[in-house]
Amino acid sequence: MDEVIYLEVLEGDAVHVRHRLERFPVTVGRGYGSDVILDDPKVSAAHLRVERAEDGGLVVRDLGSRNGTFRVEPWARLAELVLTDDARVMVGDTVLRFRGRGYAVEGTLVAEAPVGIRQRVFERPRIFLGALGAAMAASLLSSYLTSYDQVDWGELLFSMLLPTAFALAWAGGWSIASRIARRQFHFRAHGAIGSLVLLGTICLPGFLTLLGFSLASGTALSWLAMFGYLGLVAWGLFWHLRYVTRWDSRRLGATVGAIVLGFGALMQAEDLLGNEDFSMSMEFPRTLLPASFRLLPASSADDFFGEAIDLQQQVDELTKEK
Amino acid sequence: MVALLVLAVLAQAPVPAQSPAPPLAPVQVEPSPPEAGEPEIVPQLPVATLPPATHELFERIKRRVAQVRIIERRSGTKSSIGSAFFVSADGHAITNYHVVSDLVFHPEDYTAELVRDGQEPGAVSLVAVDVVHDLAIVHLGQPVPDFFQLQEKPPPQGARLFAMGNPRDLGTTIVEGTYNGLVQDALYDRVHFSGAINPGMSGGPTLTGEGRVVGVNVATMGNQVGFLVPVDHARALLNRALGAQAEDSSPKALLAAVHAQLLDHQQRITERLLGTSLPQQSLGPYHVPGRWLPFLKCWGDTPHDPEAQYTVTNYQCSSEEDLYVSSDQRTGMVSYSHQHLSSTKLGALRFSALYSAFFSSDPSVVEATRDDVTNFRCHSEFVSSGGLTLRAALCLRAYKKFPGLYDLVLRAAPLPSSSQGVDTSLTLAGFSPENAYKLARRYLEGLSWTK
């Protein structure tokens with residue numbers, strides 16, 4: 001072993017504390033007379049000693065501790081151990097690792113992008129306020145259009161404040177996560193991302209309704225709606241997590257994609273498996289908009305009843321199921 | 001207002017705990033004796049026109065009436081009750097189909113027995129059914145000494161009649177009432193009997209003072225409004241049952257009979273409807289289907305709400321009657337409704353949201369469970385018809401036990417124009433697809449723009 005070695009106190013796989021050992025013998029224990037002090041109640045006051053052997057190697061020697069010293073791999077109780085690089089011993093509940101100066105570390109990870117002071121789009125104050133404002137306006141508009149009683153200003157105000165409160169609380173939650181993981185709140189960025197997701201959630205149904213009406217389509221649209229929502233969730237989750245974790249974007253993208261797709265599959269599991277509960281409901285599009293929104297021509301009554309003949313076959317199929 | 005004609009089915013399921021009803025005063029039926037002071041010269045009425053003494057009549061015929069008990073095999077006790085009356089010396093008795101329908105659908109789970117006054121219950125078999133007129137013939141395996149004659153011609157309106165049966169398992173009862181002719185414009189023939197008919201009396205006879213049966217108790221609307229199946233249908237079914245072979249009364253054959261009767265019945269209704277042109281009713285600037293045939297009862301209203309930003313005019317027609325198939329399933333219903341919506345206060349988009357919300361609520365279809373019907377499948381398109389562009393949807397579900405019969409719902413609404421629209425729906429229960437499509441087509445063509 002080298003002249004100088006490092007004693008590492010491990011916590012799981014990570015290093016909790018690292019001690020530089022230069023002059024030997026070095027004593028390790030819970031007592032204040034030790035050179036390296038371990039605050040582990042199962043470690044004796046004077047637990048072990050690292051000393052140089054006559055041949056120049058280093059030896060760990062148990063000092064008659066109450067609970068003993070163990071070699072981790074292979075597991076064995078020991079009184080004395082000649083140290084090799086990366087040797088691990090356990091004292092009490094603490095794992096110690098010894099490494100020489102010659103230990104080769106892994107290559108430096110390449111940073112994905114220059115982590116400069118460049119501001120991301122979401123961090124600009126105007127984006128946050130703009131997105132929040134747009135979400136508020138969209139919510140106001142949708143609640144105005146879908147209420148056909150006399151205009152209730154209190155209700156409209158509420159419909160505007162609710163998404164605001166929600167967006168702020170949402171951004172607050174993510175900010176705390178950012179603070180814990182990366183020591184910075186990034187509140188503005190989380191607020192902007194949250195507001196944009198909210199804006200999408202409010203606008204998507206209206207957009208799909210309009211599209212469904214214009215193209216007179218029903219079933220294809222329900223898939224589109226699902227992918228729309230999943231895409232929105234994935235986008236939001238990805239950017240929120242960008243500000244929380246230090247993962248590179250490819251890994252993060254794959255993780256978020258897997259989560260969202262798994263979630264989507266779970267939601268559609270009933271449909272995918274072909275299970276259908278008994279119900280008296282009738283599934284067909286219900287949107288009625290002024291004729292100017294319609295893009296496709298209307299069919300004749302002949303065509304309508306002609307194509308409806310298939311229904312008989314479809315329900316006859318259902319009678320065969322148990 | 002919509003008068004909901006609720007026909008309480010008289011086959012009685014487990015008797016609910018009854019709060020003690022006030023005892024009824026004994027009915028005084030005999031004519032009151034002439035007052036003492038009156039001169040004796042008032043001529044006596046001829047004997048034949050005197051109302052009979054009810055107690056004498058009752059004493060004479062009480063053996064001809066029996067209680068039907070539907071016995072559930074596993075619990076070994078009755079699951080529902082009704083009444084029946086004997087009509088032949090070798091033990092044929094008439095009752096309602098709805099009393100014995102469990103025997104048709106679950107012959108392995110249910111049996112039936114007849115209980116006469118003071119006698120041991122006797123097992124009976126189901127011989128024939130008439131699902132459309134709600135009648136059934138059961139057969140007791142032993143001869144009966146005493147049975148009813150069926151009246152040949154209907155009595156005059158106002159004639160005094162006596163309904164018999166076993167209401168709510170209280171014992172054989174006789175109830176006085178009057179004959180009020182056939183219910184006008186009904187889809188299913190019914191005699192209107194003004195007298196109290198109660199659950200448990202289903203399948204019992206209603207007779208003249210001479211003891212001849214004029215009808216079979218079937219339903220009540222409460223308040224002395226009772227309904228009877230005219231005896232002609234019972235006679236027809238009895239003749240059929242007497243001429244039937246043994247294999248015609250197997251559970252499979254009975255189910256097939258119900259199936260055939262439902263198919264015939266929908267064919268008859270379809271022919272009646274298609275044989276008449278569909279009258280038009282105007283609703284705002286639209287023409288909509290009006291009262292197609294007299295058996296459809298139409299009601300309409302425009303509720304006034306000063307707060308509302310819009311007005312809705314309802315117009316709905318319905319046969320108001322359905323056919324009892326089993327305790328879970330009804331069929332044989334024809335109904336449709338229109339809602340005309342207009343607003344001067346709402347903008348085009350807000351009106352569209354309102355109109356879409358109205359279009360989103362569907363009419364209720366006849367009662368059924370997952371054992372009886374499939375889920376709906378719908379076909380929806382923009383259809384141009386009668387000068388209107390409609391969003392139309394046709395929904396269909398199949399009957400699992402009766403192949404070839406379906407429930408159809410047609411929903412249609414013209415696209416809104418200048419903040420008005422009309423939302424319409426047609427429900428046809430228990431039709432063949434060909435007939436249902438023909439009727440729906442005729443209905444859809446009844447929808448047009450007036451200008």
Side-chain angles (χ1 to χ4, degrees), chain A residues 141-152 206 209-210 212-219 276-322, chain B residues 307-310 343 345-360 362 364-365 368-370 373-385 389-400 403 406 408-409 411 413-417 421 423 433 437 440-441 444-445:
Chain A
L141 188 70
S142 94
S143 97
Y144 174 74
L145 286 180
T146 52
S147 91
Y148 19 79
D149 294 325
Q150 262 170 3
V151 177
D152 179 345
T209 303
L210 195 64
F213 182 82
S214 310
L215 303 177
S217 85
T219 43
E276 188 181 351
D277 286 337
F278 177 69
S279 91
M280 298 244 184
S281 67
M282 295 165 222
E283 304 273 326
F284 59 91
R286 312 288 185 144
T287 318
L288 292 167
L289 292 174
S292 47
F293 286 97
R294 189 170 53 91
L295 296 180
L296 292 185
S299 15
S300 66
D302 281 328
D303 292 346
F304 175 65
F305 284 100
E307 284 167 43
I309 290 288
D310 288 351
L311 288 178
Q312 191 190 341
Q313 246 171 7
Q314 288 177 35
V315 291
D316 283 345
E317 284 296 312
L318 292 181
T319 59
K320 289 173 196 153
E321 288 169 15
K322 182 63 201 104
Chain B
E307 292 280 298
Q309 306 259 78
Y310 53 88
S343 170
K345 293 176 185 156
L346 295 175
L349 282 179
R350 289 179 80 197
F351 180 79
S352 297
L354 168 75
Y355 193 31
S356 303
F358 269 82
F359 191 55
S360 300
D362 294 318
S364 61
V365 197
T369 64
R370 70 174 314 146
V373 292
T374 64
N375 280 2
F376 278 106
R377 286 289 180 268
C378 300
H379 173 71
S380 166
E381 262 184 79
F382 288 118
V383 178
S384 101
S385 169
T389 302
L390 306 162
R391 169 149 245 181
L394 196 75
C395 299
L396 204 66
R397 69 177 181 191
Y399 286 21
K400 290 184 175 171
Y406 299 79
L408 174 143
V409 176
R411 301 273 287 125
L415 299 185
S417 72
D423 158 28
Y437 279 35
R441 174 101 199 234
L444 195 70
E445 285 165 356

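Computed from a prediction, not measured in an experiment: that's the story for all the values here. In what follows, chains are A, B, ... by sequence order, proteins preceding strands, each numbered from 1.
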List, one per line, each side-chain donor-acceptor pair under 3.5 Å for residues 300-307 of chain A, sequence neighbours excluded.
{"from": "Ser300(A)", "atom 1": "OG", "to": "Asp303(A)", "atom 2": "N", "distance (Å)": "3.3"}
{"from": "Asp302(A)", "atom 1": "OD1", "to": "Arg441(B)", "atom 2": "NH1", "distance (Å)": "2.7"}
{"from": "Asp302(A)", "atom 1": "OD1", "to": "Arg441(B)", "atom 2": "NH2", "distance (Å)": "2.8"}

request  = Could you pull out the closest heavy-atom pair between Phe359(B) and Pro285(A), with the gap in Å?
outcome  = CE2-O, 3.9 Å
Enclosure of Gln313(A) CD (heavy-atom neighbours >12, cutoff 6.0 Å) = no
query = Can you list the steps and then say if Ser352(B) with Leu288(A) is a side chain to side chain contact (heavy atoms under 4.5 Å, CB included)?
reply = CA-CA 6 Å; Ser352(B) 297; Leu288(A) 292 167; 5.8 Å; no
ask   = Do Ser147(A) and Arg350(B) pass the side chain to side chain contact (heavy atoms under 4.5 Å, CB included) test, and can you show the C-alpha distance, the side-chain angles, and the key distance before you say yes or no?
value = CA-CA 7 Å; Ser147(A) 91; Arg350(B) 289 179 80 197; 3.7 Å; yes
ask   = Rounded to the nearest 0.5 Å, what separation is found between the OG1 atom of Thr146(A) and the CG atom of Leu349(B)?
value = 11.0 Å
Chain B contact via Tyr144(A) - side chain, backbone, both or neither, heavy atoms under 4.5 Å = both
message = Heavy-atom pairs under 4.5 Å with chain A: which of Ser385(B), Pro433(B), Ala413(B) has the most?
response = Pro433(B)
Heavy-atom closest pair, residues Ala308(A) and Tyr437(B) = O-OH, 2.6 Å
query = Do you know which two heavy atoms are closest between Tyr406(B) and Val315(A), and how far apart they sit?
reply = CE2-CG2, 3.6 Å
ask   = Can you tell me how far CG of Asp277(A) sits from CZ of Arg370(B), rounded to the nearest 0.5 angstrom?
value = 7.0 Å
ask   = Rounded to the nearest 0.5 Å, how far does CZ of Phe351(B) lie from CG of Leu289(A)?
value = 12.0 Å
ask   = Can you say whether Ala308(B) sits under 4.5 Å from chain A via the side chain, the backbone, both, or neither, judging by heavy atoms?
value = neither
request  = Starting from the C-alpha separation in whole Å, work towards a yes-or-no answer on side chain to side chain contact (heavy atoms under 4.5 Å, CB included) for Phe376(B) and Leu311(A).
outcome  = CA-CA 9 Å; Phe376(B) 278 106; Leu311(A) 288 178; over 6 Å; no
Phe284(A) CZ to Arg391(B) CZ distance, which is reported to the nearest 0.5 Å = 9.0 Å
Spatial distance of atom NZ (Lys345(B)) from atom CD (Gln150(A)) [nearest 0.5 Å] = 6.0 Å
task = Using atom types as modelled and distance alone, determine if a side-chain donor or acceptor of Ser299(A) lies under 3.5 Å from a backbone N or O of Phe382(B).
result = yes
request  = Decide yes or no on side chain to side chain contact (heavy atoms under 4.5 Å, CB included) for Asp149(A) and Glu307(B), but give the supporting numbers first.
outcome  = CA-CA 8 Å; Asp149(A) 294 325; Glu307(B) 292 280 298; over 6 Å; no
key: Flag, side chain of Thr319(A) to backbone of Lys400(B), donor-acceptor distance under 3.5 Å   = no
key: Electrostatic pair Asp362(B)-Arg286(A), nearest N-O below 4.0 angstrom   = yes
task = Go through the atoms of Leu396(B) and report whether side chain, backbone, both or neither lie under 4.5 Å from a heavy atom of chain A.
result = both
ask   = For Thr369(B), is it the side chain, the backbone, both, or neither that has a heavy atom closer than 4.5 Å to a heavy atom of chain A?
value = backbone
Thr209(A) portion near chain B, given a 4.5 angstrom heavy-atom threshold = neither
note = Looking only at Leu408(B), Val365(B), Leu390(B), Val409(B), most heavy-atom pairs under 4.5 Å shared with chain A are made by Val409(B)
inquiry  = Can you tell me which of Asp423(B), Leu346(B), Leu394(B), Leu444(B) forms the most heavy-atom pairs within a distance under 4.5 Å of chain A?
reply    = Leu394(B)
Pro416(B), part contacting chain A, at a heavy-atom distance under 4.5 Å = both
request  = Identify which of Pro290(A), Ser281(A), Ala291(A) forms the greatest number of heavy-atom pairs closer than 4.5 Å to chain B.
outcome  = Pro290(A)
ask   = Which pair of heavy atoms, one from Ala298(A) and one from Thr389(B), lies closest together, and at what distance?
value = CB-CG2, 4.1 Å
query = Atom SG of Cys378(B) and atom CD of Gln314(A): how far apart are they, to the nearest 0.5 Å?
reply = 9.5 Å
message = Run the side-chain hydrogen bond (donor to acceptor under 3.5 Å, both in side chains) test against Ser360(B) and tell me which residues pass, sequence neighbours left out.
response = none
request  = Name the region of Phe358(B), side chain, backbone, both or neither, that has any atom closer than 4.5 Å to a heavy atom of chain A.
outcome  = neither
key: Heavy-atom closest pair, residues Leu318(A) and Asn375(B)   = CD1-O, 3.8 Å
remark   = For Ala357(B) and Tyr148(A), the nearest pair of non-hydrogen atoms, with its separation, is CB-OH, 3.2 Å
